[in-house]
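Here is how names work: the chains are called A, B, and so on, in the same order as the sequence lines, proteins then strands, and each is numbered from 1.
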Amino acid sequence: MEYNFKEIEKKWQQKWLNDKTFKTDNHSDKPKYYVLDMFPYPSGSGLHVGHPLGYIASDIYARYMRLKGYNVLHPMGYDAYGLPAEQYAIQTGQHPAITTETNIKRYRAQLDKLGLSFDWDRIVRTDAPAYYKWTQWVFLQLFSSYYCYDAQQARPVSELIDCFKQQGTKDLNIASTAVLDFTAEQWNKKTEKEQQEILMNYRLAYLSDSIVNWCSALGTVLANDEVVGGVSVRGGHPVERKLMKQWSLRITAYAERLLKGLETLSWSDSLKEIQRNWIGRSEGASIRFAISGHADFLEIFTTRPDTVFGVSFMVLSPEHELNEIITTNVQKESVEAYISWAKNRSERERQAEVKMVTGVFTGAFAVHPFTGEQIPIWISDYVLAGYGTGAIMAVPAHDSRDFAFARHFNLPVTQVIVPKGEQPEDTANWEESKDGKEGTCINSDFINEMPVKNAISAVIKKIEELNIGYGTVNYRLRDAIFSRQRYWGEPFPIYYKEGIPYPMAEKDLPLQLPDIDKYLPTETGEPPLARAKNWTYNGYPLDCNTMPGFAGSNGYYLRYMEPDNKEAYVGKQANEYWGNVDLYMGGAEHATGHLLYARMWNKFLFDLGIVSKDEPFQKLINQGMIQGRTSFVYRERGTNRFISLNLKNNYQVDSIRVDINLVDNDILDIEQFKNWRSEFADAEFVLENGKYICGYEIEKMSKSYYNVQNPDNLVEKYGADTLRMYEMFLGPLEQSKPWNVQGIEGTARFIRKFWKLYHYNDENNFCISEDVPSLQELKILHKTIKKIQEDIEGFSFNTSVSAFMICVNELTELKSNKRAILEPLCILISSFAPHIAEELWQLLGNKETISYTSFPLVNEEYLQESTVTYPVSFNGKTRFMLEIDVHIPVEEIEALVLQSPEAQRWIEGKTPKKVIVVPKKIINIVI
RNA sequence: GCCUUGGUGGUGGAAUUGGUAGACACGCGGGACUUAAAAUCCCGUGAUCUUUAUGAUCUUGCGGGUUCAAGUCCCGCCCGGGGUACCA
């Protein structure tokens, strides 16, 4: 039989489906292993070649673990809520549910063709009411909980109310938006509304004013990605940063645990580092400065209280609430102008354009807490409203941004720290600040001559004594804004009574997403849900926001454990059996989003006693991103004439992305291009050598860049086994790489070669030899088993594939087709190329599928060598090879080498200075 | 800007974690089979030089350093990718 991958793959995919080969039971004698992929967002352009990279890798591991005797849970689902379906709905009027359904069907068909071993009976999708019921349920729990720092866990708000009734805020150490102070008596006198407002200050899901990108023309809030240069990408309308009431999750309450928990995880160091930096723990002090002529205080956070005597000005963020209060009449106009200018700059712009120094003086002065000096208060957008208190004390001598600011506005620079081994200098000559945290204090009153570290604690002690501040820990992490003014998401199970939000009863969940006539915000700027008819609960209006994309993806891994449970998010027994995810496969682009929110979500559920593990994802592998190669054509400005790549420098041109399907080998198919868009129908071209050559760039694969490569054509042409092998062969799993199909022929050839090894006669029938294998064949086999086992366990799948290839090449050379070799080989290859492996396995006469067998064991005996071949180097340059018996002790090797005629030739009668013998590695002779 | 990651032949990449740089594959060149093509198989393939050899020299983004020995470790640069809080 010829190798007919189409028939073979279809046959086995059908069989796995019919037999439910990969259905997983929640009960087993075997140890459990949970392999999870980050589920995809079903986009309109279908599954692209980047998706399977992770899915194939996790599938290889899942299949391997089954062979190693584990009960493996390997499910799949869809992150079905998202912006693209909504945008499409706005444009076409088609309900996002329909778009999503179509896309999911397409994804499923594409996934099925790859031969992935998912247990499809456990499918979850985030837009299913039976699923989002539980997303809403968790939200209600968050709403009804607060975070107690003493207990280091979430507690019910009802407990907090009892506490307020009895002792007010006394001795409370809990997470809050603002620090409040009241007695039991005061609490009990408050109205229901006042009490509810106070409780909002503590809830883990709470309403507050947050800064968002508001586009009044579109009537909606935009992501930073959707804003460029202060205007919306769509339409180019102005966008301003505006305070709006939003739901938030108090993830900052979990900052410390999120940080600590990282230590227990098998994630890459870089990913942990990203999360650590994102959480951004810094120790420092909060100090209150009095303001001249005002009752208000200016509270700042600094990590360098030791530099307090070097303060030469204060800086407030443009959003700071004191701006309005303290600005003098003289400065009013320029301050207002500056603030309104700064308002339209995104946070990213502000931080990126670090060289651009801007700011304005308020006219007001703060009072130095120790010297009583008058310190001018400035406003500048290099101070961010969202970090610390949104205000800083500027110490230009020891902070580079403050230094740049001081130089630009000609403010004084006072040195207060002398780095070790240096002398105090005249700061007028400085070209940069001395930011180092090592040194001794000068010009600093009571901390003079102290090293920085001691000075920090001395100042903290002093401000605590004076009751003007305290030592504190600050996090860069911000609470997550949790509401979106969009349609396609989970509605909030919250209704309003006299403007106060109340939770719906759990028994009334899920609160189903209503149908509406249009997916746009209302004319008055209300979110789309305001268009829904009877959007009320017991006669009260419901919240019109929806939850963000990440809401549904937080706890989905729990739902796979028991997807049909109607009583609970996840049943206790199922959760205790599956614990957490043993291996999570997904992209590193989720490092600070999903992977942080999901951890917090899980920790909260852990606090509630719903889940048994504090961390959701024990081991994490980030598959690299497969990048697209976007093709570009170059249009001469103001014309419809296109200039070939190497001639474009002679013209003034604009780069235009062109669909990669119109380009072959960088050569544009001009006829197809003309038909692609009506605007190009009468295009003219300036060619080189009769061809139009396109340029290219490597970037993220995206429908909007026209560079999406889908796997369908390749599966059609080469089969799933080849595609699977090829995607793994492409390079290290964790590295990003551009997609390129140049090498796929080689993998296809290798699979055919493997098949032919057992189908070599004229009729192409299956031929197998029952002979006992030779030592050489056993050596090849066991070398391969060992290598592949090591590589799978180290997620080095590219070298595994190479090892297979070498093995097949060697066997082909020996014309070896023995049963005793093929049988283990089928099992080895079954993780990578499961279809061909099953087919050969069946041809060998096996009745059961490979998943019921176990991984072959390595017999080290076959791998032992009697000699070692040493490279012999002179002064580090390898000159010849020398074979030495393994049993010769290391001490004797030196003499042996020096005596060899080759060595004598290189030594040329000189006396070697030194001989280095590294066992089994190298011999180096220094002369 | 900040965080993170990568840079090795014409191309994708390998290198036992400090020990023969370029495995394996693509591509390319040559040959066999064939009327021919496809497929398949065999040989060659980092660069330069010469005395054409079991030869020499150079070579892992650039510049320094540590070491008997550096793609790998250290310091300083350059360039690409991802993230940067409402894309998923």
Mind checking if [X] touches a base, just sugar-phosphate, or nothing, with heavy atoms under 4.0 Å?
X: A/Trp906; answer: sugar-phosphate
X: A/Lys737; answer: sugar-phosphate
X: A/Ser483; answer: base
X: A/Arg752; answer: sugar-phosphate
X: A/Gly82; answer: sugar-phosphate
X: A/Arg905; answer: nothing
X: A/Ile923; answer: nothing
X: A/Met38; answer: nothing
X: A/Asn224; answer: sugar-phosphate
X: A/Pro732; answer: sugar-phosphate

Go through the structure and list residues passing salt bridge (charged side-chain N to carboxylate O under 4.0 Å, His left out) with [X], not counting sequence neighbours.
X: A/Asp399; value: A/Arg401
X: A/Asp543; value: none
X: A/Glu86; value: none

Atom [atom1], compared across [N] and [M]: separation rounded to whole Å:
N: B/C49; M: B/U72; atom1: P; answer: 28 Å
N: B/G22; M: B/G27; atom1: C1'; answer: 16 Å
N: B/A14; M: B/A32; atom1: P; answer: 37 Å
N: B/U40; M: B/G46; atom1: P; answer: 24 Å
N: B/U59; M: B/U54; atom1: P; answer: 25 Å

- [ ] Under 4.0 Å from any atom of RNA chain B, heavy atoms only: list the residues of residues 789-802 of chain A that qualify, in numerical order.
- [x]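 A/Asn798, A/Thr799, A/Ser802 - these, ordered by number, are the residues of the stretch whose heavy atoms sit under 4.0 Å from the strand.
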Open item on the list: My understanding is that only residues two or more places apart in sequence, or in another chain, count here; which of them pass ring-ring contact (aromatic ring centres under 6.0 Å, His included) with A/Tyr132?
Closed with: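 Not a single residue meets the ring-ring contact (aromatic ring centres under 6.0 Å, His included) criterion with A/Tyr132.
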Open item on the list: Restricting to ring-ring contact (aromatic ring centres under 6.0 Å, His included), what partner residues turn up for A/Tyr557, sequence neighbours left out?
Closed with: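 Partners of A/Tyr557 by the ring-ring contact (aromatic ring centres under 6.0 Å, His included) criterion, ordered by chain and then number, come out as A/Phe617.
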Euclidean distance, atom [atom1] of residue [X] to atom [atom2] of [N] [Å, nearest integer]:
X: A/Met701; N: B/G82; atom1: CE; atom2: C1'; answer: 15 Å
X: A/Trp488; N: B/C87; atom1: CH2; atom2: P; answer: 18 Å
X: A/Met625; N: B/G80; atom1: CE; atom2: P; answer: 18 Å
X: A/Ile751; N: B/A39; atom1: CD1; atom2: P; answer: 18 Å
X: A/Lys787; N: B/A14; atom1: NZ; atom2: P; answer: 10 Å

Do any side-chain atoms of residues 808-815 of chain A form donor-acceptor pairs under 3.5 angstrom with protein atoms, and if so which ones, sequence neighbours left out?
residue	atom	partner	partner atom	Å
A/Asn809	OD1	A/Lys753	NZ	2.7
A/Asn809	ND2	A/Met805	O	3.4
A/Glu810	OE1	A/Lys783	NZ	3.2
A/Glu810	OE2	A/Lys783	NZ	3.2
A/Thr812	OG1	A/Val808	O	2.6

Open item on the list: The test is salt bridge (charged side-chain N to carboxylate O under 4.0 Å, His left out); show your working for A/Lys700 and A/Glu589 and say whether it passes.
Closed with: CA-CA 11 Å; A/Lys700 197 162 149 172; A/Glu589 66 271 21; over 6 Å; no
Task: Nucleotide of B/G6, B/G12, B/A85 approaching A/Gln735 most closely (side-chain heavy atoms) - done: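 Within the option list, the nearest is B/G6.
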- [ ] For the side chain of A/Asn740, starting at C-beta, report the closest nucleotide among B/U4, B/A56, B/U11.
- [x]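 The answer is B/U11, which lies nearest to the side chain.
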If only side-chain N and O atoms count, and only distance matters, is there a donor-acceptor pair under 3.5 Å linking [Y] with [X]?
X: A/Glu883; Y: A/Tyr870; answer: no
X: A/Thr592; Y: A/Tyr597; answer: no
X: A/Asp79; Y: A/Ser553; answer: no

Task: Heavy-atom protein contacts under 4.0 Å, nucleotides 66-72 of chain B, coded B base, S sugar-phosphate only, - none - done: --BS---
- [ ] Classify every nucleotide of nucleotides 41-53 of chain B by which part a protein heavy atom approaches to under 4.0 Å, writing B for the base, S for the sugar-phosphate alone and - for neither, in 5'-to-3' order.
- [x] S------------
Task: pair A/His759-A/Trp755: side-chain heavy atoms closer than 4.5 Å - done: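 Answer yes - side chains close enough.
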TODO: Fill in the dot-bracket string of RNA chain B, one character per base: . for unpaired, | for a pair to another strand, ( ) or [ ] for pairs within the strand, taking Watson-Crick or G-U pairs under 3.5 Å.
DONE: (((((((..(((......[....)))((((((.......))))))(((((..).))))..(((((..]....))))))))))))....
Could you go through residues 872-882 of chain A and list every donor-acceptor pair under 3.5 Å that involves a side-chain atom there, pairing it with any protein atom two or more places apart or in another chain?
residue	atom	partner	partner atom	Å
A/Ser873	OG	A/Thr878	OG1	3.2
A/Asn875	OD1	A/Ile927	N	3.1

Task: Residues in side-chain hydrogen bond (donor to acceptor under 3.5 Å, both in side chains) contact with A/Asn103, at least two apart in sequence or another chain - done: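 None.
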Task: A/Tyr78 and A/Phe39 aromatic centres sub-6.0 Å - done: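 Between A/Tyr78 and A/Phe39, the centre distance exceeds or equals 6.0 Å.
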